[in-house]
Every structure is written in C-alpha cells, then in structure tokens.
Engineer: 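Pasting a structure below so you can have a look.
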Amino acid sequence: MASKNDPFEFRDFDETGDLLIPSNDAVTISIDDEDLKPKRARSDVGFTQDAADEEPLIGDDREELLAGKKKSAPFWTFEYYQKFFDIETHHVKERILGSMVPWPGKNFIQVYLRKNPDLYGPFWICTTLVFVIAISGNVSNFLVHFGNPDFKYTPEFRKVSIAATAIFSYAWLVPLGLWGLLLWRSNKILNLVSYSFMEIVCVYGYSLSVYIPAVVLWIIQYEWLRWLSIAVALCLSGSVLVMTFWPALRDDHPKVVIATVSAILLLNALLAVGFKMYFFSQPGPGSVPVSVPVTKTTNGTSS
Amino acid sequence: MASDEETSRPFAGLSNVSISEEIPVEGDITVPTGPSTRDDEFSTLDEPVKETVLRDLRAVGKKFIHVMYPKRSSALLRDWDLWGPLLLCVTLALLLQGGAADSDDQGGPQFAEVFVIIWFGSIVITLNSKLLGGTISFFQSLCVLGYCIMPLTLALVVCRIILLGGTGIVSFSVRLAVVTASFGWSTFASTAFLADSQLSNRKALVIYPVFLFYFVIGWMILTFSPGN
C-alpha cells in the first residue's frame, strides 16, 4: 500500500515543482529542493526499511490479518485453543532458531510472534526436554558404571515424573508471576509495551529449546564440558528473555528493573543447575548405591 | 405428474404442498424398517458367542496385518475399534513387569505408568493433530496410534527372548537393532495413515509428537532388564 502511494506523491510534487520553476526566482527553487530532498531521502529510507521488514514475513502478515478478523471464542470451546495452534512448520523453525540465537535489538515477541503466540512450541519443547533429560540422565548413569561388574543397570523411571513436574511448573508458573508483575507495574507506570500471558508463556517455552542440545551434550562424561554447555545455554536463553522483557520494564523504577531481571536470570540458572545437580550428579564409586536405599527406607517408615 | 406441473405452472410449489400432505407415505416407510432392524438384532443374538467373538477378533487381526503392511489404505480409519490398542497396551505393560525395576527401591516403569503413558500420550497426540486442523476424527487417530504400537510389542517379545540368553554387549546390540527397527516401523506405519489428514505445511508438526511417543516407548523397551 505505502509503496504504491509514494510514487504518486512524488509525481505530484515534481509536477508542481516543474510548474513553479519557470515562474519563481532562485530562492524558492532552492527551498523547494530542500523540501524535496529530505522528503525523498526520508521516504526512501522508510520504504527500504519496510521492505526489509516485510519481505521475509509476508505470509505472517496475511495470517495476522486473517487472525484479527476471527471472532474470539470463549475459552471452554475447542476453537479457542485452535487459534494457539495456527502455525506452520517454518514458523516453528524460525521461532526455535530465534530463541537460540539472540540478536541485539531483535525482540523475540515483536519479531517472531507478531501477535500470534502459539502453544505448540512451548508444549512440545517442554515434553521433549522432559524425556531428553530423563533418558540422557539414565544413559549417563549407565556410562558412569559401565564396566563395573557389581553394578546392575536399572532404569529410573522416576526421573521422568520429576523432570516433568519441574519443567512444566517452571514454564507455566514463572510466566504467570511475570505477567502479574507486568500487569501491576503497567498500572502504576504508563507503559507502551505490554505483553499478553500467552506471549510470555510462548517466550518461556521457546527459551527452553536451547537446553535440549545442551542436555544431550551432558551425556559425555566431562565435567568441564557440562559446565561449559550450561554456561552457553544460560547466556543464550537468559539474554533472549531479558531482551524480550526489556522494553516492558525499561521505563520502570531502576530497583524494580534490577530485581525483575535478576529474578528472571536466577530462576533460569536455578533450573539449569538443578538439572545438572540432580540428574547428572557423579556419585562416588560404590558409595551412593548403598546410601540411597537406606534413606529411602527411612523415608518410607516415617511416612 | 409433479414435474409436468412444475414446468407448466410457475406456482406449482403451492399445489404440491397439499398433495404431499394428503399421502401418508412417510408413515408407511417407517413401519417396515422397524421390524427389519429388530430381525438383525435377533440374528446377532441368535448366533453362538464363539462366532461373535471370532468375528471381532478377525477384524482386529485384519488391522494387525494392515499395520504390518502399511500401504495407504483407509481400513484402520474406516471402522476403528479400541480392542486392538487395549490388547497391545496390556500386553506391553504386562511384559514390562517382572524386571529388576520391580524391586523396592528402583523405579522402573510400572504397569500403571506404561498404561498411562500410552493412553495419555496418544490422547495428547490426537488433540494436537485436531488442534492443528486435522480432518481425522478423535477415535480414528487413537485407533491408528494404538495399533501402530504393534511392532514395538513384537520387539519387546523378541527382547525378552534374547534376555533369556544373557545380558552382554552382544545381546544389548541385538536388542538395540531390534528396537530401532521396530521404532522406525511404528513411526512409518502411523505416518502412512495419519499424514494424509493434514495440510502439507503442517505435516512435520503432526509427525514430530508421534516420533517422540514411539521413541519413549522404544526407550522403555530397550532399557528393560529382567530381575534375578
């Protein structure tokens, strides 16, 4: 639309300029030129920026328009949830990549979600992470004791339920708290940027995706490699989260900003380090398999 | 008669109303259908129990064959049933018992956990494909996902037989090969049935959860180790 209007405006302006040139003196011409040049330059810049923004994501725009036309269904109907699954394969790929590679100045919600948050990515990324952690925890436990004739490998299915509880509560409760906080703060301070609850859930879900390759790396029995991958994953997902929520927090009181950002980063770090400690702890050879049943039986008798 | 009147007169519809009302055709039609359905019921009631059971079992067995030769037929979709999935699920959960996992302290997959993972997992996958706009019905998808566990159940039977021989590296690698092959088979068979119900740009989104589901079941089978 804008690209079609611009040439017409120019033609009008040029014609009037041409008409004015023979009748007026040099001063007015120079003013005209001055008026023209910045306008042209400005519109050129604006046009190229628009084009750069829109070209790769034209399909999204169309979908966004269509989504805007849809009536909002009440939350107990199937259609209400269907709109959170209104995505295609390439969107999911873009979003996962965007959550793994933080780009300075690129806000995840504004660049990738574009008012169309999905639940597909968060849900399946969390589920994948649950099983990847449980499976690779089991595999690394097996590798630790590999070659030890006394050790008898038994699958620890308990890890699945613990990982599921931890991950799903992180991916739902933290966004809930953050959403409440943003809502409360936006009442006190006029904020131009406000995020919906689904957008925050979506960001948190996708920010977990970087842990999937990291956890697979944890199978390898090198402590330094594990801590390195934790550090890298923390930096990537933490910076995506902070950069996403920065515009919403920016105008707030500095104390609140620092507290919120540090809480976001701390919870993120707590999750990653907790996984490392719980699922990939290196037991001393032979000592832990004896001690674990003892603690369990005492628990069982007391409860 | 009616067609002639309609073509000849523009207000034929008005006269047709009175004609259709005065002939009680509909009453006559409904009366013979009643006894005929009752006859069908009597005929199924009359037949021996053995025949009824065998007919259902034959239908289940036919679907098993469809899973083993996954050509793009709609047999699994047309007349779905949940008997086959129930049978497979119970077999899988029962065969996963009696391992070292049953000892007090180690939590391997218990019967209920296997059962819940299979049913809850397939329900979630079905909801996922419905939410993505799939054209397949809820129970059709459950039926397909349930029946396609069969290669994995067979793999578990094979694994238990191999485990009788011993638990060395050779036995593990053979089990790994068997489970991988059956996992691939399950995924391939279910996608052959399910993929057509989805738009092409969303196929990967539907197939990925199915892949994860069978992967987890395959992992449970592979890591199963028998008790002493």
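As a basis for the values below, the full set of heavy atoms in this structure was taken, side chains included, without hydrogen atoms, waters or symmetry mates. Quick note on labels: first sequence line is chain A, next is B, and so on, each numbered from 1. Treat the numbers as computed from the prediction; the structure is a model and nothing was measured.
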Engineer: Which atoms of F84(A) are under 4.5 Å from chain B, going by heavy atoms: the side chain, the backbone, both sets, or neither?
Structural biologist: neither
Engineer: How long is the straight-line distance from OG1 of T89(A) back to OH of Y208(B), given to the nearest 0.5 Å?
Structural biologist: 13.5 Å
Engineer: Counting only heavy atoms closer than 4.5 Å, note whether Y81(A) contacts chain B via side chain, backbone, both or neither.
Structural biologist: both
Engineer: Is there a donor in the side chain of W124(A) and an acceptor in the side chain of N128(B), or the other way round, less than 3.5 Å apart?
Structural biologist: yes
Engineer: Using non-hydrogen atoms and a 4.5 Å limit, figure out which bit of I117(B) sits close to chain A: side chain, backbone, both or neither.
Structural biologist: side chain
Engineer: Do L127(B) and F78(A) have side chains that approach each other closer than 4.5 Å (heavy atoms only, starting at C-beta)?
Structural biologist: yes
Engineer: Below 4.5 Å from any heavy atom of chain A, which atoms of I169(B) appear? Answer side chain, backbone, both or neither.
Structural biologist: side chain
Engineer: Please round to the nearest 0.5 Å and tell me the distance separating atom CZ of R202(B) and atom CG of D86(A).
Structural biologist: 5.0 Å
Engineer: Apply side-chain contact (heavy atoms from CB on, under 4.5 Å) to the pair E88(A) and L132(B), showing each step before the final yes or no.
Structural biologist: CA-CA 9 Å; E88(A) 287 167 14; L132(B) 283 168; over 6 Å; no
Engineer: Who wins among N201(B), V124(B), V216(B), L131(B) for the most heavy-atom pairs under 4.5 Å with chain A?
Structural biologist: L131(B)
Engineer: State, yes or no, whether a side-chain contact exists between T127(A) and L212(B) at a heavy-atom distance under 4.5 Å.
Structural biologist: yes
Engineer: Surrounding CH2 of W179(A) (heavy atoms of other residues, nucleotides or ligands, distance under 6.0 Å), is the total greater than 12?
Structural biologist: no
Engineer: Check this for me: F138(B), atom CZ, are more than 12 non-hydrogen atoms of other residues, nucleotides or ligands nearer than 6.0 Å?
Structural biologist: yes
Engineer: For the CG atom on L164(B), are there more than 12 heavy atoms of other groups (residues, nucleotides or ligands in this structure) within a distance under 6.0 Å?
Structural biologist: yes
Engineer: Are any non-hydrogen side-chain atoms of P209(B) and Y120(A) less than 4.5 angstrom apart?
Structural biologist: yes
Engineer: Would you say that N138(A) contacts W219(B) through its side chain, given a criterion of any heavy-atom pair below 4.5 Å between the two side chains?
Structural biologist: yes
